[in-house]
J.: 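Following this message is one structure expressed as structure tokens.
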Amino acid sequence: MLELGCARLSRLTFAEITQPHLARLVEQVHDSASVAVLADDDIMYVARVHTVRIMSVNITVGTRFPAYATSMGRVLPAGLPEQEAVERLARASVRPLTPFTRVDAADLAEAVAQARRDGHALVDQELEEGLRSIAVPVHDRTGRVVAAVNVSTHASRGTLDDLRQAVLPALTAAAASIEEDLTVVTERVRLAIP
């Protein structure tokens, strides 16, 4: 039985592990949820469950966005050693994507530091006007941040505090569930996390 179970576990992808958790999260908060990893100076989507389309672009697995303008792009570097996070921000090609996009290097470094202190990041219309997102990190069994999970919503659905109060607890619980599954799987097989 154990051999059969390990064979199945060894074929699981990171996306397959996260997908059911995203689906449950979307059922709870009624907004789209995604998981992404750092890819150079971008975030790259590795899993996604959407409700309604709230962005002008269609996000699929493999879609990349500049990390500096996204909630996941704030919590991912927050999990790195501080100097490495600062160096990543310094080399990024930063430009305003909306009138709300933070582009000042010191301001971005403070946003990442705030994400490190808070354990989450909230971005308000920096990637696209009308889009808000909140993200938390996903840790592997050693405590290293390996991904981020977020919920995206339209700015008209409430205030930033509403988003924190209504979504953050469910988002944090989803990340914890993903981490539990990662621990179980990686104790038995070597899982390649993008």
J.: Are any side-chain N or O atoms of Arg88 and backbone N or O atoms of Ala67, one a donor and one an acceptor, separated by less than 3.5 Å?
T.: no
J.: Verify the cluster assignment for Met72 and Val94: are they in a single hydrophobic cluster under the rule of side-chain heavy atoms below 4.5 Å apart?
T.: yes
J.: Assigning hydrophobic clusters by single linkage (Ile, Leu, Val, Met, Phe, Trp, Tyr; side-chain heavy-atom cutoff under 4.5 Å), is Val29 placed with Ile178?
T.: yes
J.: Within the distance-only criterion (no hydrogens, no angle test), does the side chain of Asp140 pair as donor or acceptor with the backbone N or O of Thr142 below 3.5 angstrom?
T.: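 It does hold such a pair.
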J.: Please check if Val26 and Leu168 belong to a single hydrophobic cluster, counting links between Ile, Leu, Val, Met, Phe, Trp and Tyr side chain heavy atoms closer than 4.5 Å.
T.: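 Yes; tracing contacts between hydrophobic side chains, which count when under 4.5 Å, links both residues.
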J.: How far apart are the closest heavy atoms of Ile134 and His120, and which atoms are they?
T.: CD1-CD2, 4.0 Å
J.: Compare every heavy atom of Val75 with every heavy atom of Ala148, then report the nearest pair and how far apart it is.
T.: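 Distance-wise, the nearest heavy atoms are CB-CG2, 3.5 Å.
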J.: Do Leu25 and Leu171 have side chains that approach each other closer than 4.5 Å (heavy atoms only, starting at C-beta)?
T.: yes
J.: If you draw a 6.0 Å radius around CD in Glu82, do more than 12 non-hydrogen atoms from other residues or ligands fall strictly inside?
T.: no
J.: Applying a strict under-4.5 Å side-chain criterion to I, L, V, M, F, W and Y, I'd like to know whether Leu182 and Val46 cluster together.
T.: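 Yes: a chain of side-chain contacts under 4.5 Å links Leu182 to Val46.
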J.: Partners of Glu87 by side chain to side chain donor-acceptor pair (under 3.5 Å), sequence neighbours excluded?
T.: Gln83
J.: Is there a side-chain contact between Leu122 and Leu160 (heavy atoms, below 4.5 Å)?
T.: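 Yes, close enough: below the 4.5 Å cut-off.
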J.: Is there a path of hydrophobic side-chain contacts, each under 4.5 Å between heavy atoms of I, L, V, M, F, W or Y residues, that connects Val86 with Ile43?
T.: no
J.: Would you name the heavy atoms of Glu129 and Pro99 that are closest together and state the gap between them?
T.: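 Closest pair (atom of Glu129, atom of Pro99, distance): OE2-CD, 3.5 Å.
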J.: Is there a donor-acceptor pair under 3.5 Å between the side chain of Arg132 and the backbone N or O of Thr153?
T.: no
J.: For Asp40, enumerate each residue passing the salt bridge (Lys or Arg N to Asp or Glu O under 4.0 Å) test, keeping only those at least two apart in sequence or located in another chain.
T.: Arg64
J.: Taking the side chain as C-beta and beyond, is there a heavy-atom pair between Val136 and Val149 under 4.5 Å?
T.: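 Val136 vs Val149: side chains touch.
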J.: Got a donor-acceptor contact below 3.5 angstrom from the Arg74 side chain to the Tyr68 backbone?
T.: yes
J.: May I ask you to test the Gln114-Arg117 pair for a side-chain heavy-atom distance under 4.5 Å?
T.: yes
J.: Please step through side-chain hydrogen bond (donor to acceptor under 3.5 Å, both in side chains) for the pair Arg48 and Ser34, ending with a clear verdict.
T.: CA-CA 4 Å; Arg48 179 162 172 80; Ser34 306; 2.6 Å; yes
J.: Heavy-atom distance under 4.5 Å between the side chains of Leu97 and Glu126, does that happen here?
T.: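 Result no, sub-4.5 Å side-chain heavy-atom pair not found.
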J.: For Arg116, is there an ion pair with Glu110 - N to carboxylate O distance below 4.0 angstrom?
T.: no
J.: Determine whether Val61 and Tyr45 make a side-chain contact, defined as any pair of heavy atoms from C-beta on separated by less than 4.5 Å.
T.: no
J.: Check side chain to side chain donor-acceptor pair (under 3.5 Å) between His21 and all other residues, then give those that pass, not counting sequence neighbours.
T.: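 In terms of side chain to side chain donor-acceptor pair (under 3.5 Å), with neighbours along the sequence ignored, His21 is linked to Arg24, Asp181.
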J.: Could you report the tightest heavy-atom contact between Gln19 and Ala47, atom names first, then the distance?
T.: OE1-CB, 3.5 Å
J.: Flag the pair Asn150 / Ser133 as yes when at least one side-chain heavy-atom distance between them is below 4.5 Å, and no otherwise.
T.: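 Asn150 vs Ser133: side chains touch.
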J.: Looking at residues at least two apart in the chain, or sitting in another chain, which of them share a side chain to side chain donor-acceptor pair (under 3.5 Å) with Arg95?
T.: none
J.: Quick one: does any side-chain atom of Thr101 pair with a main-chain N or O of Pro96 as donor and acceptor, under 3.5 Å?
T.: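 No, the answer is negative, given that no donor and acceptor are paired below the 3.5 Å cut-off.
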J.: Checking the side chain of Asp42 only, and the main-chain atoms of Met44 only, is there a donor and an acceptor separated by less than 3.5 Å?
T.: no
J.: Quick one, Val35 and Leu22 - any side-chain contact, counting heavy atoms below 4.5 Å?
T.: yes
J.: Does Gln125 use its side chain to pair, donor to acceptor, with the backbone of Leu131 at less than 3.5 Å?
T.: no
J.: Which atom names give the shortest non-hydrogen contact between Val146 and Leu76, and what distance separates them?
T.: C-CD2, 4.5 Å
J.: For a side chain to side chain contact (heavy atoms under 4.5 Å, CB included) check, start with the C-alpha distance between Ile59 and His50, then their side-chain angles and the critical distance, and finish with the verdict.
T.: CA-CA 9 Å; Ile59 299 172; His50 60 66; over 6 Å; no
J.: Provide the full list of salt bridge (Lys or Arg N to Asp or Glu O under 4.0 Å) pairs with a residue in residues 154-174, sequence neighbours left out, each pair given once.
T.: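 Listed by first then second residue: Asp31-Arg157, Asp161-Arg164.
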J.: Any idea which heavy atoms bring Val112 and Pro77 closest together, and the distance?
T.: CG1-C, 4.0 Å
J.: Among residues at least two apart in sequence or on other chains, which ones pass side chain to side chain donor-acceptor pair (under 3.5 Å) with Ser93?
T.: none
